[in-house]
Student: 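Attaching a single structure in structure tokens format; questions to follow.
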2 protein chains.
Amino acid sequence: MKLRIGRLAGETGCHVETIRFYERIGVLPPAARESNNYRVYSDSHRRRLLYIRRMRDLGFSLDEVRTLLRMIGGDAYTCAEVQALGQEHLDAVRNKIADLRRVENALDDLVGRCTGADTPDCSMLEALFEMPRE
Amino acid sequence: MKLRIGRLAGETGCHVETIRFYERIGVLPPAARESNNYRVYSDSHRRRLLYIRRMRDLGFSLDEVRTLLRMIGGDAYTCAEVQALGQEHLDAVRNKIADLRRVENALDDLVGRCTGADTPDCSMLEALFEMPRE
DNA sequence: ATAGACCCTGTAGTCACTAGAGGGTCAACA
DNA sequence: TGTTGACCCTCTAGTGACTACAGGGTCTAT
Ligand SMILES: [Zn+2]
Ligand SMILES: [Zn+2]
Ligand SMILES: [Zn+2]
Ligand SMILES: [Zn+2]
């Protein structure tokens, strides 16, 4: 029921420092304190932290997390707004994947030129020198 | 032949500040100076900068760039070493792509749950609250 | 009494830039 | 001649999302 920061970290799979960091920047509400000034957490904190971590796992920025938390907290949101936010982020992820695939192809091509020999002439390096930009 | 920082930036597609930054951290050798203290660049600087930018476009870190520049400069490298560096980076890129595709699938699933209605009940948010981690 | 596992605050470091303050230099134009 | 504007300079601080100390306090067990 009540747990200290180390146990909360263990149960949510994130570092103690990260929890304190989230409190400092305001995405987690301040924890209650024991008489020795140790933080104590309840189940609602644990749920909220898990929620934050799941959003972070999906690549949402802390700003986006804050936005969604505000929407939920105030109950002043619509499914359409949430969907728009999700779709926008999904588009960003897809763009990043496309970028990385272009990089992957270029790199694959470059590495493929290497003979792997123990000599100081490397066609990958030469190709890099002559490659056009962008 | 001789060009100032603004023109070098224009020709290489990078910002003036970035060039000064590269000089400060030592990936670009210090430029010569005019009597008014303005930096002057020659063709070898331009080639080196283009080379750096191409590596950065491929996602190599500045540390990796430094390593490769050192190898080339000293001529004390083998094709096999270069290939290993390239392959390692390619593997990292592929891992990142795989991560992002998992994220893409999860997000696609979540966004697909939304009805897009103007009401404050959203199955994406609910699913997020119940999702397992990792 | 002392070791070890916790906890606290506060600051600084990471990466690769980017932005800004506060100034100097130079050519052209009125 | 004065002034506008495009350049250039240095130095510092900010970005995101943590992470790593430094330098302490607290609590339990041996
Ligand atoms: Zn996003
Ligand atoms: Zn090679
Ligand atoms: Zn790499
Ligand atoms: Zn919805």
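To find a chain, count down the sequence lines: A is the first, B the second, and so on, and within it residues start at 1. What you see below is based on every heavy atom in this structure, not just the backbone, and it leaves out hydrogens, waters and symmetry mates.
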Student: Between A/Arg102 and B/Asp57, is there a salt bridge with N-O shorter than 4.0 Å?
Tutor: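 No.
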Student: With nearest nucleotide decided by heavy atoms, which residue, A/Gly6 or B/Glu17, maps closer to the 5′ end of DNA chain C?
Tutor: A/Gly6
Student: Please determine if B/Arg113 and B/Glu126 form a salt bridge, counting it only when a charged side-chain N lies under 4.0 Å from a carboxylate O.
Tutor: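 No, B/Arg113 and B/Glu126 are not salt-bridged.
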Student: So, B/Asp99 and B/Lys96, do they make that salt bridge, N to O below 4.0 Å?
Tutor: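 No, no charged N to carboxylate O under 4.0 Å.
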Student: For the pair made of CZ in B/Phe21 and C1' in C/dG20, what is the distance, rounded to whole Å?
Tutor: 17 Å
Student: Under the side chain to side chain contact (heavy atoms under 4.5 Å, CB included) rule, what do B/Leu125 and A/Leu68 come out as? Steps first, then yes or no, please.
Tutor: CA-CA 9 Å; B/Leu125 282 188; A/Leu68 273 155; 3.6 Å; yes
Student: Once you round it to whole Å, what is the distance between P of C/dA19 and CD1 of B/Ile19?
Tutor: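 In whole Å, C/dA19 P and B/Ile19 CD1 are 15 Å from each other.
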Student: Just checking A/Glu34: does its CD atom have more than 12 heavy atoms from other residues, nucleotides or ligands closer to it than 6.0 angstrom?
Tutor: yes
Student: OP1 or OP2 of C/dT9 less than 4.0 angstrom from a side-chain nitrogen or oxygen of A/Arg20, does that happen here?
Tutor: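 Checking A/Arg20 against C/dT9: no side-chain N or O falls below 4.0 Å of OP1 or OP2.
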Student: Specify the separation, in whole Å, of atom CZ of B/Arg24 and atom C1' of D/dC9.
Tutor: 13 Å
Student: Near DNA chain D, under 4.0 Å by heavy atom, which residues of residues 27-43 of chain B?
Tutor: B/Arg33, B/Asn37, B/Tyr38, B/Arg39
Student: So what does A/Tyr22 touch, heavy atoms closer than 4.0 Å: a base, only the sugar-phosphate, or nothing?
Tutor: sugar-phosphate
Student: Measure CG/A/Leu49 against P/D/dC18 and give the value in whole Å, please.
Tutor: 11 Å
Student: Less than 4.0 angstrom between a side-chain N/O of B/Arg53 and OP1 or OP2 of C/dC17, yes or no?
Tutor: yes
Student: Tell me the interatomic distance from B/Asp57, atom CG, to C/dC17, atom P, rounded to whole angstroms.
Tutor: 10 Å
Student: Without decimals, in angstroms, what is the distance between B/Glu23 CD and C/dC17 P?
Tutor: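 One finds 16 Å between P of C/dC17 and CD of B/Glu23, rounded.
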Student: Please check if the number of heavy atoms outside A/Glu88 that lie under 6.0 Å from its CD is greater than 12.
Tutor: no
Student: B/Arg4 CZ to C/dT25 P: how many Å, rounded?
Tutor: 13 Å
Student: What is the distance, to the nearest angstrom, from the CZ atom on B/Arg7 to the C1' atom on D/dA6?
Tutor: 15 Å
Student: Just N and O in the side chain of B/Thr18: are any of them under 4.0 Å from OP1 or OP2 of C/dA16?
Tutor: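 For C/dA16, OP1/OP2 do not have a side-chain N/O of B/Thr18 under 4.0 Å.
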Student: Describe the nucleic acid contact of B/Ile5 in one word from base, sugar-phosphate, nothing, applying a heavy-atom distance below 4.0 Å.
Tutor: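 The answer is sugar-phosphate, as B/Ile5 gets under 4.0 Å only of primed atoms, P, OP1 or OP2.
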Student: Run A/Arg48 and A/Tyr41 through side chain to side chain donor-acceptor pair (under 3.5 Å) and show every step you take.
Tutor: CA-CA 11 Å; A/Arg48 195 180 169 105; A/Tyr41 295 95; over 6 Å; no
